[in-house]
Amino acid sequence: MNTTAMNAGSTKTATPLNTFAWLLKREYWEYRGGFLWTPAIVAIAFLALFLIVLATAELAAKQHGINVNGIQLDMLTQNLSPENVAKLNAGMDIALLTIGFPIGIALFFVVFFYLLGSLYNDRSDRSVLFWKSLPISDSQTVLAKVVAACVIAPVLAALAMIALQLGFLVLMTLFAAVNGVNAISVLWSPLRLIRLWLMMALLIPINALWALPTIGWLLLCSSFVRSKPFLWAVLLPVIVGVIVSSAKLMQDMALPSAWFWKHVVGRILFSVLPGSWMDQSMFKALEHMDSGRSDLLSPVLSLDTIQVLMVSPELWIGAAAGAAMIAAAIYFRRRRTEAYA
Amino acid sequence: MSTEVMGTVVQATGLSKRYGTTIALDNVNLDIQAGRIVGLVGPNGAGKTTALKAILGLTEFDGGLTVLGMDPRSQRYELMQQVCFIADVAVLPRWLRVNEAVDFVGGVHPRFSREKCQAFLARTKIKPTSRVRELSKGMIAQLHLALVMAIDAKLLVLDEPTLGLDILYRKEFYQSLLNDYFDEQKTILVTTHQIEEIEHILTDLIFIREGRIVLDATMDQVAERFVEVMVNPDKADATRALKPLYERQIFGKSIFLFDGVDRTRLAELGELHKPSVADLFVATMKGTYA
């Protein structure tokens, strides 16, 4: 039969890895607006805002005849002690990270609603029946969504942050130059920028590990509920929290109910906020900090902070709970194809 | 593998499924052979979709069911390399672009031919850069069919693939399926309410009612077993005595439908006709909604 010859011709290899790459591409296609355009637009909006602020400041300065002319910042830095240089650098790092913060907030909302809809929307519009007609396993489907939330979205957000930081530095340099100040050596230290970006890259897997409980919970709700995933995902932990608080269960276990809110409800809903692990680790790290190590990066974001986090039980217990909820999401993905719109 | 497994595409023994207290499938036995086009026909709520879902591994069930020798629940991933389905009209994701759909299916399906798919699409007015949401319902069905027909699958399952499409799209849909897709290596299992439009392409007919199979025959067997006779009022009572399946009146004459009654005997009573599948359906399903 010539059909066998045609079969041989049309048969290609679709390895699991290949399929996974296509699944990631599909997530990107579907959520390009959230993953790419949202951080890009936030970055552009903030640059526009800076420009307006700087232009207004410049105009105001001109009108009032104020002139900062003559101060050479690079001369200034040359006269600084190494300790002060380190402080200045740390200050710059904090400034650069802080201006990226709105993108982090945007990333939180994008990833939160992405995960919540990712295994629900296709059930409610019935397109799940198309995806299920293809040779793709349910584990591959769900894990692709985990990777999209942990890697694709944060990497694109980090790139937007870097673009925003560079844009900010350019604006500051130009502003200084207009006022006759050469700020290049202060603002543009390639070594420091690269170190900052490496730190941002390092934070992506750490944030992902920390975010697993939220990722797992949202995927579980998304694959399990038949309607209103948002209400389920948010109200259920909050109601449990209220019950726990009012029943004083925690007090009996010698734990304040605030513990439950912070370590269960908080972790389940807000861990996808980038750097949300920092509060506790940061202060613990600060306590242990000796002055000689302040040059590492900034005190907020030192390797010490990350070290403290990496050995904390909160991280690993949360990650295990997240992995278990992801497994449950795969289980329900296998069995549920219906949802009410 | 034995030749039996090679030839049998779907085998169900005692297949049952209940939703709470409702019985959707009641001890169903099925044996669908390769190279057939099988119409699964039944009224709303008869269990058609449940049966198809069980075959496609989309639902749990009791009893035995193998599809291409595989268990659709535990071997779903392997099964979907050989089985394709269109579960309904317009289940393609609305955000997807036509060229993305072709790329994606080509990327994940080992038996998909991009060239074939492009050739099918070239015959339509579908633009490669359009999103599914911009296409008409008929065009979405065309796109889905192009994607599915480009996959060299052993079994194609179609659940109401033309519901809500106009007659031009419907005709074209089944025309393409028959001319450009079907061959003796393939099996098609289709459910539809527009039964009169597909009866000429079917090789096998299965009627399902309240979760039970009430007819399972080849079209040749159907033509042999069932006959309609049109009689004048004076012979109506004599005809009724032969226990017809169904009776209806037209232009003052009575038409009786018989199952397996001697034709020479009936010919004496009136004019014999081959019943349409639709008439057969109505006769078999009478009282369903009563």
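The chains referred to below are lettered A, B, ... by the order of the sequence lines, with proteins before strands, and numbering in each begins at 1. Quantities reported herein were computed from a predicted structural model and do not represent experimental measurements.
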Report summary line: Tightest non-hydrogen contact, residues His109(B) and Pro135(A), listed as CD2-CD, 3.2 Å

**Report entry** Over all atoms of both residues, closest heavy-atom pair of Ser127(A) and Leu92(B)
**Finding:** CB-C, 4.2 Å

**Report entry** Largest heavy-atom contact set with chain A, pairs under 4.5 Å, which of Arg73(B), Glu100(B), Arg76(B), Glu115(B)
**Finding:** Glu100(B)

Report summary line: If you tally heavy-atom pairs under 4.5 Å between each of Val83(B), Asp103(B), Leu96(B) and chain A, the highest tally belongs to Asp103(B)

Requested in this report: Give the ring-plane orientation class for Trp22(A) versus Phe104(B), where under 30° counts as parallel, over 60° as perpendicular and anything between as tilted.
Outcome: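 Ring orientation, 0 to 90° scale: perpendicular.
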
Does atom [atom1] ([X]) have a neighbourhood of more than 12 heavy atoms from anything else shown, all under 6.0 Å?
X	atom1	value
Phe108(A)	CZ	yes
Phe270(A)	CZ	no
Tyr169(B)	OH	yes

Query raised in the report: What distance do Arg94(B) atom CZ and Asp122(A) atom CG have between them, rounded to the nearest 0.5 Å?
Result: 14.5 Å

What side-chain donor-acceptor pairs closer than 3.5 Å can you find for residues 50-59 of chain B, not counting sequence neighbours?
residue  : atom : partner   : partner atom : Å
Lys53(B) : NZ   : Glu338(A) : OE2          : 2.3
Thr59(B) : OG1  : Lys17(B)  : NZ           : 3.1

Report task. Check for a donor-acceptor pair, side chain of Arg335(A) on one end and backbone N or O of Glu60(B) on the other, with a separation under 3.5 Å. Result ->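 The answer is no, because no donor-acceptor pair under 3.5 Å joins these two groups.
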
Requested in this report: Kindly indicate, with the supporting measurements, whether the criterion side chain to side chain contact (heavy atoms under 4.5 Å, CB included) is fulfilled by Val105(B) and Phe130(A).
Outcome: CA-CA 10 Å; Val105(B) 179; Phe130(A) 171 68; 3.9 Å; yes

For residues 316-329 of chain A, which side-chain N or O atoms pair as donor and acceptor with protein atoms under 3.5 Å away, sequence neighbours left out?
residue   : atom : partner   : partner atom : Å
Trp316(A) : NE1  : Met310(A) : O            : 2.6

Query - Contact listing (chain A partner; residues 124-147 of chain B; heavy atom under 4.5 Å) - result: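 Listed by number, the contacting residues are His144(B), Leu147(B).
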
Just distance, no hydrogens or angles: give the donor-acceptor pairs under 3.5 Å from side chains in residues 139-163 of chain A, sequence neighbours left out.
residue   : atom : partner   : partner atom : Å
Gln140(A) : OE1  : Ser137(A) : N            : 3.2
Gln140(A) : NE2  : Pro16(A)  : O            : 3.2
Thr141(A) : OG1  : Ser137(A) : O            : 3.1
Lys145(A) : NZ   : Glu27(A)  : OE1          : 3.4
Lys145(A) : NZ   : Glu27(A)  : OE2          : 3.0
Lys145(A) : NZ   : Ser118(A) : O            : 3.3

Query raised in the report: Arg336(A), Lys25(A), Arg26(A): which one forms the most heavy-atom pairs within less than 4.5 Å of chain B?
Result: Arg26(A)

